[in-house]
Amino acid sequence: MTRLQDDFYHAINGEWEKTAVIPDDKPCTGGFSDLADEIEDLMLETTDQWLAGENVPDNAILQNFIKFHRMTADYDRREAVGIEPVKPLIEEYKKLSSFSEFASKIAEYEMSGKPNEFPFSVSPDFMNAQLNVLWADAPGIILPDTTYYTEDNEKGKELLEIWREMQEELLGKYGFTAEEIKDLLDKVIDLDAKLAKYVLSHEESSEYVDLYHPYDWADFTKLAPELPLDSIFTEILGQVPDKVIVPEERFWTEFAAEYYSEANWELLKAVLLIDATTSWNAYLTDELRVLSGKYSRALSGTPQAMDKKKAAFYLAQGPYNQALGLWYAGEKFSPEAKADVEAKVATMIDVYKSRLQTADWLAPETREKAITKLNVITPHIGYPEKLPETYDKKIIDENLSLVENAQKLVEISIAHSWSKWNKPVDRSEWHMPAHMVNAYYDPQQNQIVFPAAILQTPFYDIAQSSSANYGGIGAVIAHEISHAFDTNGASFDENGSLKNWWTEEDYTAFKERTDKIVEQFEGLDSYGAKVNGKLTVSENVADLGGVACALEAAKRDEDFSVREFFVNFATIWHMKAREEYMQMLASVDVHAPAKWRTNVIVSNFDEFHKEFDVKEGDGMWRAPENRVIIW
Ligand SMILES: [Zn+2]
């Protein structure tokens, strides 16, 4: 028996872990995943009825979803057409004869969602969060992170081999000869290895402030002289932008000129041709669908692909996500639950305010500014007020094929993304559907968002004690609020713009504290991989603030139980995962593993030591001088 005093997470969740079974098509099970699995069952059951013409909702958007779902689920038809739908695209890319010919078509390819290795997007300006501007990213790499490309990384070599085998098999199905396949893959892997030297690692991109590199348009276009950026953007935006923000500055200043050039054409063409060939895998035969997931299954150690029915549902759900979320909220999220959670959020903000008012390590003016920011955080609970306007345009034409309809849906969403450029940010748009078991803080909107799906047991249950609810949904709510003041959020002001609102002394004191959190997590074991303290610091700071604040809120109730609070906090994190998956997450995920999100966080609290009688020498012991509380 594990003692609570030695490994709190394991003592609470060990019994469950013994018998928990990870589904064959999933990388993990437990807490968040259990809820997600339940919602998946509900959605499959419901949409099955809809396909059969039963209980069809009286809603034009959902009826279009059903038409699309009928097509993704029609495997007989998918088998019958085989690779026919993608043949014209393959031919089109085969025929491209030079970089300049390709470059002259980039805008057209971009607007129709065809492969183009053109990594631009539109999102709010860091300096003015009310306005959408152009951002220049970098093309993607094959392996999950740049760290996999180092000479001594055996896992990287192994994964790249699996990727290559999968592509060999796939390209064979599309009629390429063995010789062509070898040539294409050699080139793609060659270019990928070069690219990996310049793109950002996940650790680098986890520090938002360091990503802000604005460029005047004329200066930027000089970085890739052979890429006709002026004409491409005149076609896409109707005009040349005046500036661009370049988070992937290393790629653009050191490699883009070579990457986008006639000299690199052979390698780039190989990437484009493979992308074009495999871009519709998920919509074609079942054999191609399953085969195309081989590499990602290897990454997460998942033995099996989803079955046909599930795959057809998810494929159809993609473009209609928010509409299905609204349906879910309408069925499962009562007005009473919404009111209750709104009250909880208000309480939590109130508690947060009182903690900020008494944070004696901060000067009064910094406290004042933090409170100003806290006061205007906008909470969104349950579901969005309205769907994005594009949803009305997502009309399925049953006379067209599955791929043709999917193509139209892609075009609608791309046109929508580009139409936002140089326009005010729509603050009512959600980045998650209401049936997703998650929550987020958007530093640029200074908004917290809690989809209906997370407002369930064990996070939240009217039948469990108030302290248990505070250890669950309370800690989650306060976690999201804390993101406003984590290592990233601290650099944005109340309007969501990048602005230093700290005194120098206070920021130094903040940095000292967050550095201690980096140290507490750095190098901890996760299934043989090491936790990266820097990559995970923003989330760990949010967890710490979340528990501190939720604990204080719980104390305000008469029936407060410190035990129920911490026990439920450990319970929400119960998780069982595949080794490969956890090893991959260690290099890409800004969240620490569930075990450490529990154990390290609670070990910073005096209340925890006292309640569970944790003594020096116990596994959970942290000496009082090493305990850190920030918010
Ligand atoms: Zn978070």
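The list of salt bridge (charged side-chain N to carboxylate O under 4.0 Å, His left out) pairs with a residue in residues 532-544, not counting sequence neighbours, reads Asp543-Arg597. The salt bridge (charged side-chain N to carboxylate O under 4.0 Å, His left out) analysis of residues 199-208, with sequence neighbours excluded, yields the pairs Glu204-Arg250. For the salt bridge (charged side-chain N to carboxylate O under 4.0 Å, His left out) condition, the pairs that include at least one residue of residues 560-574, sequence neighbours left out, are Arg563-Glu611. The ring pair (Phe, Tyr, Trp, His ring centres under 6.0 Å) contacts involving residues 331-357 comprise Tyr352-Phe485, where partners must be two or more places apart or lie in separate chains. Among pairs with a residue in residues 520-565, none fulfils ring pair (Phe, Tyr, Trp, His ring centres under 6.0 Å), at least two apart in sequence or across chains. Pairs engaging residues 509-523 under the salt bridge (charged side-chain N to carboxylate O under 4.0 Å, His left out) rule: Lys511-Asp515 [sequence neighbours left out].
Residue Phe492 qualifies as enclosed at atom CZ: its count of foreign heavy atoms under 6.0 Å is above 12. The local environment of CD in Glu331 is crowded, with over 12 non-hydrogen atoms from other residues, nucleotides or ligands closer than 6.0 Å.
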Report the C-alpha distance between Tyr460 and Asp340 in whole Å, list the side-chain angles of each, state the deciding distance to 0.1 Å, and finish with yes or no for side chain to side chain donor-acceptor pair (under 3.5 Å).
CA-CA 10 Å; Tyr460 167 73; Asp340 191 34; 2.2 Å; yes
Is there a salt bridge (Lys or Arg N to Asp or Glu O under 4.0 Å) between Lys310 and Asp41 once you walk through the steps?
CA-CA 9 Å; Lys310 218 185 262 186; Asp41 288 344; over 6 Å; no
Is there a ring-ring contact (aromatic ring centres under 6.0 Å, His included) between Tyr440 and His431 once you walk through the steps?
CA-CA 9 Å; Tyr440 69 88; His431 310 318; 5.2 Å; yes
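Aromatic ring centres of Phe510 and Tyr507 lie closer together than 6.0 Å. Between Trp16 and Trp573, the ring centre distance reaches or exceeds 6.0 Å.
Under the 30°/60° scheme for interplanar angles, the aromatic rings of Phe566 and Phe8 are found to stand perpendicular. Classified by interplanar angle (parallel below 30°, tilted 30° to 60°, perpendicular above 60°), the ring pair His483/His479 is perpendicular.
With sequence neighbours left out, Lys610 forms a salt bridge (Lys or Arg N to Asp or Glu O under 4.0 Å) with no residue at all. Remark: Asp6 engages Arg3 in a side chain to side chain donor-acceptor pair (under 3.5 Å) (not counting sequence neighbours). For Trp135, the ring-ring contact (aromatic ring centres under 6.0 Å, His included) partners at least two apart in sequence or on another chain are Phe126. Applying the salt bridge (Lys or Arg N to Asp or Glu O under 4.0 Å) criterion to Asp613, with sequence neighbours excluded, gives Lys615. Legend: residues meeting salt bridge (Lys or Arg N to Asp or Glu O under 4.0 Å) with Asp7, ordered by chain and number and at least two apart, are Lys595. By the salt bridge (Lys or Arg N to Asp or Glu O under 4.0 Å) test, Arg578 is found to be paired with no residue, residues two or more places apart in sequence or in another chain being considered.
Ion pairing between Glu607 and Lys555 holds under the 4.0 Å rule for side-chain N and carboxylate O. Comment: Asp37 engages Lys26 in a salt bridge, judged by a side-chain N to carboxylate O separation of less than 4.0 angstrom.
Under the side-chain contact (heavy atoms from CB on, under 4.5 Å) test applied with Gln520, the options Asn604, Leu544, Ile601 reduce to a single match, Asn604.
Inspection of the His435 and Gln317 side chains reveals an N or O donor paired with an N or O acceptor under 3.5 Å. For the residue pair Tyr212 / Asp125, a side-chain donor-acceptor distance below 3.5 Å is found, with atom types taken as modelled. A donor-acceptor pair shorter than 3.5 Å cannot be found between the side chains of Ser467 and Ser465. Between the side chains of Asn469 and Gln464, at least one donor-acceptor pair of N or O atoms lies under 3.5 Å. Looking only at atom types and distance, the side chain of Ser491 has no donor-acceptor partner in the side chain of Tyr208 under 3.5 Å away. Defined by atom type and a distance below 3.5 Å, a donor-acceptor pair is missing between the side-chain atoms of His574 and Glu17. Residues Lys576 and Asn13 have side chains that never bring a donor and an acceptor to within less than 3.5 angstrom of each other. Between the side chains of Tyr441 and Asn446, at least one donor-acceptor pair of N or O atoms lies under 3.5 Å. Side chain to side chain, Asp34 and Thr29 meet the donor-acceptor criterion of an N or O pair below 3.5 Å. Ser497 and Asn495 form no side-chain donor-acceptor contact under 3.5 Å, judged by distance and modelled atom types alone.
The cationic atom of Arg627 (NZ for Lys, CZ for Arg) lies less than 6.0 Å from the six-membered ring centre of Trp621 and within 45° of the ring axis.
For Ala305 against Asp25, the heavy-atom pair with the smallest separation is O-CB, 3.8 Å.
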